[in-house]
*Asks:* 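I'd like to ask some things about the structure below.
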Amino acid sequence: MKIKSQLTKIIEQALLDANIEAKNIVISDATKPEFGDYQFNGVMRLAKILKKNPREISNTVIEHIDTTDMIAKVEVAGPGFINIWLNNHWLSQEANSIIDDKRVGVGYVETQKKIVVDYSGPNMAKQMHVGHLRSSIIGDTLATLFEFLGNEVIRQNHIGDWGTQFGMLIAYLEEQNTDGNSQELKDLEQFYKDAKVRFDQSEEFANKAREYVVKIQSGDEHCLRLWQSFINASLGHCEEVYEKLNVNLTRDDVRAESFYNNQLIKVIETLREKNISTTSNGAECVFLDGDETPIIVQKGDGGFLYATTDLSALTFRDKELNADRICYVVDARQAQHFKQVFTIAKQAGMVREDVALEHIGFGTMMDKGGKPFKTRDGGTVKLVDLLNEAVVRAKKTIKDRDIHSQEELDVVAKAIGIGAVKYADLSISRESNYIFSWDKMLSFEGNTSLYMQYAYARIQSILRKHNAEITGNIIIGDEIEHRLTLMLLKFEDTLTKASIDATPHSITAYLYDVVTLFMKFYELNPILKEGIDEETKMSRLQLATLTGEVIKKGLDILGIDVVAKI
RNA sequence: GCACUCAUAGCUCAGCUGGAUAGAGCAUCGGUUUGCGGUACCGAAGGUCACAGGUUCGAAUCCUGUUGGGUGUACCA
């Protein structure tokens, strides 16, 4: 239900009929219930241009607003705000029409786009750590969201599988005589440490490691095979995490750094041809206006850097994947890097002018003391460990409820634990750092996944108790039902905005509003109690059902499961 | 040094891109006709939106400066 665009049309028509010229008009949500459902504030700006009293203009405008269908009434308030109330009859009609809709009333985008979402991007030399959490789940949510709205999404997992460290790793792998599935690779962190120790201790080993770097790059079969088995094992670890996290990344989405390897020299050639890069201190550099330091695209020794790979990836995404929009879900600390790379790519014509290049930056996860999240001894926290702990803690918070079998408990604990971690992350505006707190995220209160899941479970409980067909229509009987119904119909507008701004937290904020309204409604308007007439009961059941569907779909986009019982 | 970014209630965070009396949750205090799941709901209290100027009918939001955090800054990714 595209409510805002419908309202915009109505207001535009009214302005036209009133002979007032206006463009880019914006309808916003009312700031308070007393002010109606929506408001149009644009008249004040118009008043200046027209040199007329804003209230006078507003009064003229509202005379031309069509109040026969969607809008119940309009009012001029304050200095010239136009407040808009929607019609209950219209609201219930719209709500009724989406009760059986799988998409709960959400339509598709007007112009479908091809969107590349680059996210997760783990390093194959190491185990995934908490730093990968945000990229993985924000990226995955955006990908799901774009897709749901009807866009074509290409997920790209730009894994780090290339570089000098792999010489050391495969030399060690060979020495350990393992096949990539063995015990040694179970803990990549430890494997890396052991290899490093060996590297530092033995001159012979170190030389071999360096030799192997060159050998992989020149395509030596033996070394490539070792490398491949190492990557496979490492990717297996990542998939385990994706599985736990409910993140939809598969091997098909992997487009590794190594993939661009033989294209890198072309990047340099293009930059040279177009006189964008110059040689400075032996390295190939791009000097951008306003930057003191250059972006190095080729080292003095001929090696390439990550800017080179990113430029190559951009070329590929434009020329081969034909993307309209490319989103990089990467730590905010790399803002400068992406700004530079994007500028160069456009200058060099590696990417068409009209392709939207976006760095979807996010802040750092902090501990209670406001310091970057680490283990007690200062090491990085492994993502698997964090997720396992989440499930264990979730189990503790629900185990005394005593309504589950052991197997059910496991399923529910997973949905709650993983959901809590994801929701806590996604509900914060993504660019700010956030403080990680188990207590807060596993609370039933406030804007948490548990509050949403609990509301969903209560709704399911009502439906189970009713245990019969639900017929009839939603009939809006009071203010709270009006607000709840409208909120449910705002789902599409919310998703659209979240998709344009790439802000998952606007979805969680919306769901929280939905649930809060539902709880109020539920408190005020009993559904199954005795003495309620059939029509009202059915209407309320329908409203509860629809609320449940919206919660479920909303959480689904966030990659969070709901459960029928908690 | 330069650049970017942030500063909102005791704490954790929103604030829809310039609109009406700045909103939630936690914590605190008080309340809820025998309650469809009370891990719920209602209410109170809590603010110089870091500070100082500017722009205008109107600023937490835009501009300038100051202070204080964070981050990035030539061959790692």
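So that the names make sense, note that chain A is the first sequence line, chain B the second, and so on, each numbered from 1.
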*Asks:* So A:L305, base contact, sugar-phosphate only, or nothing? Heavy-atom distance under 4.0 Å.
*Replies:*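 If one applies the 4.0 Å heavy-atom cut-off, A:L305 turns out to touch the sugar-phosphate alone, with no base involved.
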*Asks:* For nucleotides 1-3 of chain B, tabulate all protein N/O to nucleotide N/O atom pairs closer than 3.5 Å, reporting atom names and distance.
*Replies:*
from, atom 1, to, atom 2, distance (Å)
B:G1, N2, A:E292, OE1, 2.8

*Asks:* Does A:R255 come within less than 4.0 Å of A:D118, counting only side-chain N to carboxylate O?
*Replies:*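 So A:R255 does not pair with A:D118 through a salt bridge.
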*Asks:* Is it true that the NZ or CZ of A:K490 lies under 6.0 Å from the centre of A:Y38's six-membered ring and within 45 degrees of the ring axis?
*Replies:*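 Relative to the ring axis of A:Y38, which defines the angle, A:K490 lies inside both limits.
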*Asks:* Is the Lys NZ or Arg CZ of A:K552 less than 6.0 Å from the centre of A:Y456's six-membered ring, within 45° of the axis?
*Replies:*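 No, A:K552 does not sit over the ring of A:Y456.
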*Asks:* Between A:Y454 and A:Y451, is the ring centroid distance below 6.0 Å?
*Replies:*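 Judged by ring-centre distance (under 6.0 Å), A:Y454 and A:Y451 do not meet the cut-off.
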*Asks:* Can you name the side chain to side chain contact (heavy atoms under 4.5 Å, CB included) partners of A:Q263, sequence neighbours left out?
*Replies:*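 Result, side chain to side chain contact (heavy atoms under 4.5 Å, CB included) vs A:Q263: A:K266, A:S312.
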*Asks:* Can A:Y522 be classed as stacking with the base of B:A40, given a centroid separation cut-off of 5.5 Å and a plane angle cut-off of 30°?
*Replies:*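 Here the ring of A:Y522 and the base of B:A40 are not stacked, as the 5.5 Å and 30° limits are not both satisfied.
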*Asks:* So which nucleotide from B:A77, B:A40, B:A74 ends up closest to the side chain of A:M519?
*Replies:*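 My answer, after comparing the listed nucleotides, is B:A40.
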*Asks:* Identify whether the distance between the nearest side-chain nitrogen and carboxylate oxygen of A:D501 and A:K497 falls below 4.0 Å.
*Replies:*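 Yes.
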*Asks:* So what does A:S461 touch, heavy atoms closer than 4.0 Å: a base, only the sugar-phosphate, or nothing?
*Replies:*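 If one applies the 4.0 Å heavy-atom cut-off, A:S461 turns out to touch a base.
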*Asks:* Rounding to the closest angstrom, what is the interatomic distance between B:C13 and B:G65 at atom P?
*Replies:*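 To the nearest whole Å, 29 Å.
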*Asks:* Which nucleotide in the set B:C42, B:C13, B:G38 lies at the smallest distance from any side-chain heavy atom of A:Y434?
*Replies:*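 Taking heavy atoms from C-beta onward, the closest nucleotide is B:C13.
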*Asks:* Across the strands shown, which category fits A:A77 at heavy-atom distances under 4.0 angstrom: base, sugar-phosphate, nothing?
*Replies:*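 Base, at least one base atom sits under 4.0 Å.
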*Asks:* How is A:G160 classified with respect to the nucleic acid when contacts are heavy atoms under 4.0 Å: base, sugar-phosphate, or nothing?
*Replies:*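 Contact class for A:G160: none.
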*Asks:* Hey, can you pull the residues of residues 525-535 of chain A with a non-hydrogen atom under 4.0 angstrom from RNA chain B?
*Replies:*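 Hits under 4.0 Å, by residue number: A:P526, A:I527, A:L528, A:K529.
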*Asks:* Checking contacts here: which listed nucleotide (B:C16, B:C76, B:A14) is nearest the side-chain heavy atoms of A:H505?
*Replies:*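 It is B:A14.
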*Asks:* With a 4.0 Å cut-off on heavy atoms, is A:S506 in touch with a base, just the backbone sugar-phosphate, or nothing at all?
*Replies:*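 The residue A:S506 makes no contact with any strand.
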*Asks:* Determine the contact category for A:A564: base if any of its heavy atoms lies under 4.0 Å from a base atom, sugar-phosphate if only primed atoms, P, OP1 or OP2 are that close, otherwise nothing.
*Replies:*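 Base contact - A:A564 has a heavy atom under 4.0 Å of at least one base atom.
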*Asks:* Counting Watson-Crick and G-U wobble pairs with both distances under 3.5 Å, what is the dot-bracket string for RNA chain B, 5' to 3', using [ ] for crossing pairs and | for pairs to another strand?
*Replies:* (((((.(..((((.....[...)))).(((((.......))))).....(((((..]....)))))).)))))....
*Asks:* Assess whether one donor atom and one acceptor atom, taken from the side chain of A:N83 and the base of B:A20, lie less than 3.5 Å apart.
*Replies:*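 In this structure, the two groups form a donor-acceptor pair.
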*Asks:* Is it true that A:T496 and A:S499 share a donor-acceptor pair across their side chains at a distance under 3.5 Å?
*Replies:*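 Per modelled atom types, A:S499 and A:T496 side chains form no pair under 3.5 Å.
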*Asks:* What's the closest nucleotide to the A:K48 side chain, out of B:U56, B:C13, B:A74?
*Replies:*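 Of all the options, the side chain of A:K48 is nearest to B:U56.
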*Asks:* Need one value for A:A457: base, sugar-phosphate or nothing, where a base atom within 4.0 Å counts as base even if backbone is also close, heavy atoms only.
*Replies:*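 The answer is base, as A:A457 lies within the cut-off (heavy atoms under 4.0 Å) of a base atom.
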*Asks:* With a 4.0 Å cut-off, would you call A:D425 and A:R430 a salt bridge?
*Replies:*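 Answer for the salt bridge query: no.
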*Asks:* For A:K537, does the NZ atom sit with more than 12 other heavy atoms under 6.0 Å from it, leaving out its own atoms?
*Replies:*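 Result for NZ/A:K537: enclosed.
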*Asks:* Taking only N and O in the side chain of A:R458, is any of them less than 4.0 Å away from OP1 or OP2 of B:G38?
*Replies:*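 Answer is yes, contact under 4.0 Å.
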*Asks:* Compare all side-chain heavy atoms of A:T547 with those of A:Y522 and state whether any distance is below 4.5 angstrom.
*Replies:*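 No, every pair of side-chain atoms sits at 4.5 Å or beyond.
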*Asks:* Heavy-atom nearest nucleotide on RNA chain B for A:S280 versus A:E34: which residue maps closer to 5'?
*Replies:*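 Going by which nucleotide is closer to the 5' end, it is A:E34.
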*Asks:* Between B:C16, B:U73, B:G19, which one does the side chain of A:T31 approach most closely?
*Replies:*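 Of the candidates, B:C16 comes closest.
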*Asks:* When you measure from the side chain of A:Y306, which nucleotide among B:C36, B:A77, B:C16 comes out closest?
*Replies:*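 From the listed options, B:A77 comes nearest.
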*Asks:* May I ask you to say what A:Q39 touches in the nucleic acid, namely base, sugar-phosphate or nothing, with a heavy-atom cut-off under 4.0 Å?
*Replies:*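 Contact class for A:Q39: base.
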*Asks:* Is there a side-chain contact between A:L133 and A:M365 (heavy atoms, below 4.5 Å)?
*Replies:*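 They are in side-chain contact.
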*Asks:* Among B:G72, B:A74, B:C16, which is the nearest nucleotide to the side chain of A:R333?
*Replies:*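 Of B:G72, B:A74, B:C16, B:G72 is nearest to the side chain of A:R333.
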*Asks:* Would you give the length of the straight line joining atom CD1 of A:I138 to atom NE2 of A:H505, rounded to the nearest 0.5 angstrom?
*Replies:*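 Spacing of CD1 (A:I138) from NE2 (A:H505) equals 11.0 Å.
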*Asks:* Can a side chain N or O of A:S429 be found less than 4.0 Å away from OP1 or OP2 on B:A14?
*Replies:*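 Answer is yes, contact under 4.0 Å.
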*Asks:* Under 4.0 Å between any heavy atoms, over every strand shown, what does A:E257 touch: base, sugar-phosphate, or nothing? Just pick one.
*Replies:*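 Here A:E257 touches the backbone only, sparing every base.
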*Asks:* Classify the nucleic acid contact of A:F304 as base, sugar-phosphate or nothing, counting any heavy atom under 4.0 Å across all strands shown.
*Replies:*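 Sugar-phosphate contact only - A:F304 comes under 4.0 Å of backbone atoms but never of a base.
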*Asks:* State, without any angle test, whether A:T309 and A:E257 hold a side-chain donor-acceptor pair at a distance under 3.5 Å.
*Replies:*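 No donor-acceptor contact under 3.5 Å links the two side chains.
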*Asks:* Going 5' to 3' through nucleotides 22-33 of chain B, assign each nucleotide B (protein heavy atom under 4.0 Å from a base atom), S (under 4.0 Å only from sugar-phosphate atoms) or - (no protein heavy atom that close).
*Replies:* -SSSS-------
*Asks:* Can you name the side chain to side chain contact (heavy atoms under 4.5 Å, CB included) partners of A:S258, sequence neighbours left out?
*Replies:*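 A:D161, A:W162, A:W227, A:A256.
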*Asks:* Could you say whether A:N41 or A:Y451 is positioned toward the 5' end of RNA chain B, judged by the nucleotide with the nearest heavy atom to each?
*Replies:*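 Closest to the 5' end, via its nearest nucleotide, is A:N41.
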*Asks:* Looking at A:F81 versus A:F35, is the centre-to-centre ring distance below 6.0 Å?
*Replies:*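 Between A:F81 and A:F35, the centre distance exceeds or equals 6.0 Å.
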*Asks:* Is the centre of the A:F259 ring less than 6.0 Å from the centre of the A:H158 ring?
*Replies:*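 For A:F259 and A:H158, the ring centres are not under 6.0 Å apart.
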*Asks:* For a quick check under 3.5 Å, do A:Y260 and A:D310 share a side-chain donor-acceptor pair by atom type?
*Replies:*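 No, no side-chain donor-acceptor contact under 3.5 Å.
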*Asks:* What's A:A283 touching, base or sugar-phosphate or nothing? Going by heavy atoms closer than 4.0 Å.
*Replies:*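 Result for A:A283 = base.
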*Asks:* Between B:G23 and B:A77, how many Å separate the two C1' atoms, rounded to a whole number?
*Replies:*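 B:G23 and B:A77 have their C1' atoms separated by 41 Å.
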*Asks:* With rounding to whole Å, what would you report as the distance between B:A40 and B:G54 at their P atoms?
*Replies:*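 Between the two P atoms, the distance is 48 Å.
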*Asks:* Of the options B:G70, B:A74, B:A40, whose atoms approach the side-chain atoms of A:Y454 most closely?
*Replies:*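 My answer, after comparing the listed nucleotides, is B:A40.
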*Asks:* Side chain of A:M44, heavy atoms from C-beta onward: which of B:U17, B:G19, B:A74 has the nearest atom to it?
*Replies:*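 The answer is B:G19, which lies nearest to the side chain.
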